[in-house]
Amino acid sequence: MNDLDGYVGRIVRLNGDALQTVARRAQRQGVALENCFVVASVSYEVSKLICYGANFRVAVGISEVALI
């Protein structure tokens, strides 16, 4: 079992650049962004967490999230 597997199904908040990137996307689309995402899966090829929140899907590294 990989360390990233423990994040699947957990709720996280994005940190730093990851949050800024998603916030810019939300602003361009004219939607409000709540910094709350569910980790749906892990991409083992690139060691990224696949997270979903509202209308957004993001792939982020473990250092870019904080567990809630």
Can you list, by chain and residue number, the hydrophobic cluster partners of Val46 when the side-chain cut-off is 4.5 Å? none
Measure the spacing between CD1 of Ile11 and SG of Cys51 and express it to the nearest 0.5 Å. 11.5 Å
Tell me, please, which residues at least two apart from Glu45 pass side-chain hydrogen bond (donor to acceptor under 3.5 Å, both in side chains). Ser43
Donor-acceptor contact present, side-chain Gln29 to main-chain Ala26, <3.5 Å: no
For Arg13 and Cys36, indicate whether the former's side chain and the latter's backbone hold a donor-acceptor pair under 3.5 Å. no
With sequence neighbours left out, the residues meeting side chain to side chain contact (heavy atoms under 4.5 Å, CB included) with Gln27 are none
Got a sec, which residues hit side chain to side chain contact (heavy atoms under 4.5 Å, CB included) with Ala59, two or more places apart in sequence or on another chain? Lys48, Ile50
Verify the neighbour count for atom CZ of Arg25: are there more than 12 heavy atoms of other residues, nucleotides or ligands below 6.0 Å? yes
Test of understanding: with side-chain hydrogen bond (donor to acceptor under 3.5 Å, both in side chains), list the residues that count as partners of Arg57, not counting sequence neighbours. Tyr52
Members besides Phe37 in its Ile/Leu/Val/Met/Phe/Trp/Tyr cluster (side-chain heavy atoms under 4.5 Å): Leu4, Tyr7, Val8, Val12, Leu14, Leu19, Val22, Val31, Leu33, Val39, Val42, Tyr44, Leu49, Phe56, Val58, Val60, Ile62, Val65, Leu67
